[in-house]
Amino acid sequence: MPVNGSPENPFALSPDDVARLEAIRAALLDPSPRRIGMLDQWGLADTYEAQAEIAEYREFPIVMADGTRIDAGLSVPRHLAPGQTCPAIVMPAPLNDLGRLAYFGTIPRWTLGGYAVLGYSQRGLARSEGEIQVAGPQDVADGVEILNWLTGLEGVDVDRIGCFGASYGAGTSLLLAAEDPRVKAVAGASAWGDLFASLFENGTRHIRAFEALVSLFHEERCSAEFRQVIKKVRDNVIDDEVREFARLRSPMQHLATYNERKLPVLMTTYWHETIFSVPAVIDLFTGLQGPKSLLVQIGDHGNGELPGLFGAISKPTEMAYRWMDHHLGGSAGDGARPQFGIRSEYMHNLLSDLTHPDWASYALPKQRFHLGAVPEGQQDAPMAQGQPQPGWTRSVQPAGPDAGIVVAPKLVQTGLKERAGLPHVYRTAEIKRDVAAIWTTTPLDQPMRVQGDLEAKITVKPQTNNATLVAYLLDCDPATGRATIVTHAPYTLTDQQAATVTFRMQPTHYVLAKGRQLQLVIDSYDPFFADDNTIPSALEITSPQGNESYIDLPLGPLP
């Protein structure tokens, strides 16, 4: 959520949002009637007047062992009795130019719930000194020092400390909790599970998301190690150094530690998340053996929690308050028991709210749809259950930016429109058939749902040693040819003349109306990904006997 990016910056806050956060900061530091009165224009004056009555807020640097000054802000209850202690919430900042200020809308809720609240901007971010480490070992070490400082304060209960964070702050929170057992609970919004899977899915670089994040970090503030990784990713040198860089920053590597401590973990993600790998988040959630909760919402990275971070109501922040209250003994939430297991929305019903105990009970059994040949006189092929369909070949020409279909026209913003009920519309008739192959089901004879994991298997024969393909599953209205995206996945072959590949697509929960058709589109270019195709060349998709091509869909009727 930077504030000084270009107009194309998908995370940019509006001038009014920035003004509100700055006004809140001024009122927290100086809770005079004049400062608090300035919050009237956003309807926040009463909230921060109550905050000032029960808690004291101050800002200061916390100096690390190497002399680096980490910018922090602390809110502590004013009227603790002698010997009384309170739980504490530590909030590492999300990735934005405001740093910890992005959490200011949550401080009154935590404070009124009896918590001490410490927000800080990680090394190199916003007003903190040092170089950006990307939630690396140095950031974790900083977090331990910050906990040392916090637990030295009178009134803070050292046995009731939790970490809450969004995005960059979520990853930092999970990694800090793995290192320091003083963290008794974690709530991470827009979290990541495996950083390498987010950078390099099915052998394919997520280049647009990567460059957006690098822009937010500001390259000139990044460590030499990170700058070297940036160069290697741009140059498509995905070596052991890049893998180790990502491994050290992946909560998944600490799964055994989380389970040994039975650490309570709440995470949130999105069906159309374009920054971090959703399958990796689900894998982490599934592997956790302690108290756990996963929220999956409509939209993209950060869409759902933003209102809550500004002090309004959102599912991610309300769940975080309940989570911490339950495990730390505060009262920031509404008193309800936290949601354990999986809570989800389905596309495109923002009012939907489903619960399941685990992913195994959430995902529907897979139904296999075989990919067939193009019938004579037609341009698209059938996708149907029944017998495998061997013996056909379809050729796709790498075409650059005019392929006619993309994962999302804009990072984050396309998902935000989905949450508003305005999903991006694809006109399938305009997809160029020389650069894309399409398979289509017959119209559905009843409403159905796609719910869970998807997997595709195809045989690919590129004319060159390297090739990238991107698969999209669409929900198409045959009467109009208008479609919306259900899910997608890329795949890149390296140093291979031909291969049969089975790859996981992004999981989904999508409801299909009667009469709709599912369409599988495969092409070789999407600006969201870095492709390894050569122009001119061709990419052949085939279905050899005994190794036929298909897609497995978790498809079933509406209950």
Side-chain angles (χ1 to χ4, degrees), residues 1-4 12-63 68-81 84-94 96-123 125-129 146 149-150 152-156 164-166 169 305-313 317 321 330-332:
M1 295 179 294
V3 298
N4 62 351
L13 299 180
S14 70
D16 183 69
D17 290 336
V18 177
R20 173 170 39 179
L21 291 173
E22 293 288 3
I24 289 172
R25 177 172 181 258
L28 285 169
L29 289 169
D30 173 18
S32 63
R34 183 176 69 88
R35 291 289 189 187
I36 290 180
M38 292 180 67
L39 298 176
D40 261 338
Q41 60 188 301
W42 297 287
L44 297 174
D46 290 345
T47 297
Y48 286 89
E49 184 176 18
Q51 155 77 25
E53 289 175 356
I54 66 172
E56 177 187 3
Y57 176 81
R58 55 193 176 96
E59 295 182 346
F60 44 83
I62 301 177
V63 183
T68 300
R69 296 158 66 88
I70 300 297
D71 180 51
L74 176 70
S75 174
V76 293
R78 289 186 182 276
H79 306 300
L80 290 177
Q84 182 183 3
T85 60
C86 64
I89 296 295
V90 178
M91 301 193 295
N96 66 86
D97 290 337
L98 291 169
R100 60 180 177 78
L101 274 66
Y103 295 136
F104 273 178
T106 70
I107 289 179
R109 286 288 295 274
W110 294 121
T111 299
L112 293 169
Y115 294 88
V117 188
L118 176 66
Y120 72 93
S121 300
Q122 295 90 312
R123 181 178 290 244
L125 186 66
R127 295 180 175 89
S128 287
E129 296 176 350
I146 289 167
W149 181 90
L150 177 65
L153 297 178
E154 184 178 358
V156 171
F164 168 75
E305 61 263 27
L306 192 58
L309 298 183
F310 283 158
I313 301 295
T317 50
Y321 297 137
S331 57

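Note that CD of E129 and CD1 of I70 are 8.0 Å apart. Values are rounded to the nearest 0.5 Å. Note: Y103 OH to L118 CG = 12.0 Å, rounded to the nearest 0.5 Å. Here the straight-line distance linking atom CG of L306 with atom CG of L13 works out to 6.5 Å at 0.5 Å rounding. Atoms CZ and CZ, on R35 and R25 in that order, are 10.5 Å from each other to the nearest 0.5 Å. Note that CZ of R109 is 10.0 Å distant from OG of S331, once rounded to the nearest 0.5 Å. Annotation: the span from N96 atom CG to L101 atom CG amounts to 8.5 Å, rounded to 0.5 Å.
A donor-acceptor contact shorter than 3.5 Å links the side chain of S128 to the backbone of S121. When atom types are taken as modelled, the side chain of T106 and the backbone of L309 share no donor-acceptor pair closer than 3.5 angstrom. Checking side-chain atoms of R127 against main-chain N and O of P61 turns up no donor-acceptor pair under 3.5 Å. Of the possible polar contacts, none joining the T317 side chain to the E305 backbone as a donor-acceptor pair under 3.5 Å is found. R78 places a side-chain N or O within 3.5 Å of a backbone atom of A55 that can act as its donor or acceptor partner.
More than 12 heavy-atom neighbours from other residues, nucleotides or ligands sit within 6.0 angstrom of CG on D30.
Looking at L74 and R58, their side chains come closer than 4.5 Å, going by heavy atoms from C-beta outward. Here the side chains of P108 and Y48 are in contact, with some heavy-atom distance below 4.5 Å.
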With side-chain contact (heavy atoms from CB on, under 4.5 Å) as the test, would you mind laying out the steps for E154 and V76 before giving the verdict?
CA-CA 10 Å; E154 184 178 358; V76 293; over 6 Å; no
Test side-chain contact (heavy atoms from CB on, under 4.5 Å) applied to Y57 and I107, step by step:
CA-CA 10 Å; Y57 176 81; I107 289 179; 4.3 Å; yes
Might you work through the side-chain contact (heavy atoms from CB on, under 4.5 Å) test for R20 and I24, ending with a clear yes or no?
CA-CA 6 Å; R20 173 170 39 179; I24 289 172; 4.0 Å; yes
Report the C-alpha separation of Y115 and Y321 in whole Å, then their side-chain angles, then the decisive distance to 0.1 Å, and conclude whether the side-chain contact (heavy atoms from CB on, under 4.5 Å) test is met.
CA-CA 11 Å; Y115 294 88; Y321 297 137; over 6 Å; no
Could you go through E59 and R100, starting from their C-alpha distance and side-chain angles, then the distance that decides it, and tell me whether this counts as salt bridge (Lys or Arg N to Asp or Glu O under 4.0 Å)?
CA-CA 11 Å; E59 295 182 346; R100 60 180 177 78; 3.1 Å; yes
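Between F60 and W149, the ring-plane angle classifies as tilted under the 30° and 60° cut-offs.
A pairwise comparison of heavy atoms in P77 and G114 identifies CG-O, 4.4 Å as the closest pair.
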